[in-house]
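In listed order, ligands and their atoms are each counted from 1.
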Amino acid sequence: METTLIYEGKAKNVYSSDEPNVLRLEYLDQATALNGKKKDVVKGKGELNNQITSLIFSELSKQSISNHWIKILSKNEQLVKKVKIIPLEVVLRNVAAGSFTRRLGVKEGTILEHPIIEFYYKDDLLDDPFINDEHIAYLSLASKDELAYIKSETLKINNALIKIFDDIDVTLVDFKLEFGKDANGAIILSDEVTPDTCRLWDKSTRTSLDKDIYRKDLGNIIPIYQEILSRLKNKGEDKDV
Ligand code: UDP
């Protein structure tokens, strides 16, 4: 396959493919935090995240939640629909953690009565600032209708993900999504859903099974990501019988 590197990301590289509206993603063995200021090679991470996000996206597709994922190509590569990414990080919180606890002084672990959606402007130079609906309109990042659609999809995705993780004894604390516009102009879920982009707490021990282990220097993330993958795989096999 004759392909060219289109974009070099923090966790994955993006290549063209034989088809004009299809891209190949290569998941990298790289961990970053603090907007790239903390950065390490973590061998095996690319394969794990490629497989985890593929299992999750295929399950979301089964539930009619449109997304960019087409198929897994190899251990660390997948094919996705080409989209133009909307420069918004859409964060949804079910439980208080991370920047929410720091900003609002809410105790970590507080269960939020209703999910709370936040937006961040995806711009490395500006350090991804927290923004609201009016900033999004001012910057023309999305129209009113598009933003309403993104919010309703995010809530739908939350319900689907809560169930996926609940089935493997994991609490979905919060997560970050990115959306893009496909060749037909439809807004679809893009990027990834992995322990890099979600806070996942083990139901019985309440310990983190996600990137907080790396952010807080609590140890090696590989066995933890492996645990998430193997629980998801085992659950998938249970379902197939
Ligand atoms: N998140 C992400 N990428 C970012 C920032 C946040 O995937 O650049 C995810 C993060 O893993 C968590 C959720 O979004 O699941 C909320 O993150 P938060 O705002 O609490 O930021 P943090 O505490 O990580 O700085």
Looking at Val91, which atoms of ligand 1 are within less than 4.0 Å of one of its heavy atoms?
14 (O), 16 (C)
Which atoms of ligand 1 are found less than 4.0 Å from any heavy atom of Tyr120?
19 (O)
Could you give all pairs that pass the salt bridge (charged side-chain N to carboxylate O under 4.0 Å, His left out) test and reach residues 124-139, with sequence neighbours left out?
Lys10-Asp124, Lys37-Asp127, Asp133-Lys151
Nearest non-hydrogen protein atom to atom 10 (C) of ligand 1, with distance, is Arg215 NH2, 3.4 Å
Atoms of ligand 1 less than 4.0 Å from Gly98 heavy atoms?
20 (O), 23 (O)
How far is atom 5 (C) of ligand 1 from its nearest protein heavy atom, and which residue and atom is that?
Glu89 OE1, 3.9 Å
Show which atoms of ligand 1 fall inside a sub-4.0 Å distance from at least one heavy-atom site of Asp196.
7 (O), 11 (O)
Under 4.0 Å from ligand 1, counting heavy atoms only, is it the side chain of Ala33, its backbone, both or neither?
neither
Measure from NZ or CZ of Arg199 to the centre of the six-membered ring of Phe175, then state whether that distance is under 6.0 Å and the direction lies within 45° of the axis.
no
Nearest protein heavy atom to atom 22 (P) of ligand 1, by residue and atom, and its distance?
Arg199 NH2, 3.5 Å
Taking only heavy atoms of Arg93, which atoms of ligand 1 are found under 4.0 Å from at least one of them?
16 (C), 18 (P), 19 (O), 20 (O)
Would you call Lys45-Asp29 a salt bridge at under 4.0 Å N-O?
no
Indicate yes or no: does an N/O atom of Asp128 lie under 3.5 Å from an N/O atom of ligand 1?
no
If you measure from the Lys or Arg side-chain nitrogens to the Asp or Glu carboxylate oxygens, is any gap between Lys176 and Asp191 under 4.0 Å?
yes
Are any of the side-chain nitrogens in Arg24 or Glu77 under 4.0 Å away from the carboxylate oxygens of its partner?
yes
How far is atom 25 (O) of ligand 1 from its nearest protein heavy atom, and which residue and atom name does that atom have?
Arg102 NH2, 3.3 Å
Protein heavy atom at shortest distance from atom 13 (C) of ligand 1
Asp174 OD1, 3.5 Å
When distances are taken from atom 14 (O) of ligand 1, the protein heavy atom at minimum range is Lys176 CB, 3.4 Å
So, do His135 and Phe119 have ring centers that fall under 6.0 Å from each other?
no
Return a yes/no value: protein heavy atom under 4.0 Å from atom 16 (C) of ligand 1?
yes
Salt bridge present between Lys82 and Glu19 (N-O < 4.0 angstrom):
no
Check Asp167, Asp202, Asp169 against Arg231 for a side chain to side chain donor-acceptor pair (under 3.5 Å) and give me the one that passes.
Asp202
Heavy atom of the protein closest to atom 21 (O) of ligand 1 (residue, atom name, distance)
Ser99 OG, 3.8 Å
Stepwise, does the side chain to side chain donor-acceptor pair (under 3.5 Å) test hold for Asp182 with Asn21?
CA-CA 8 Å; Asp182 72 10; Asn21 290 328; over 6 Å; no
Salt bridge (charged side-chain N to carboxylate O under 4.0 Å, His left out) partners for Asp217, two or more places apart
Lys38
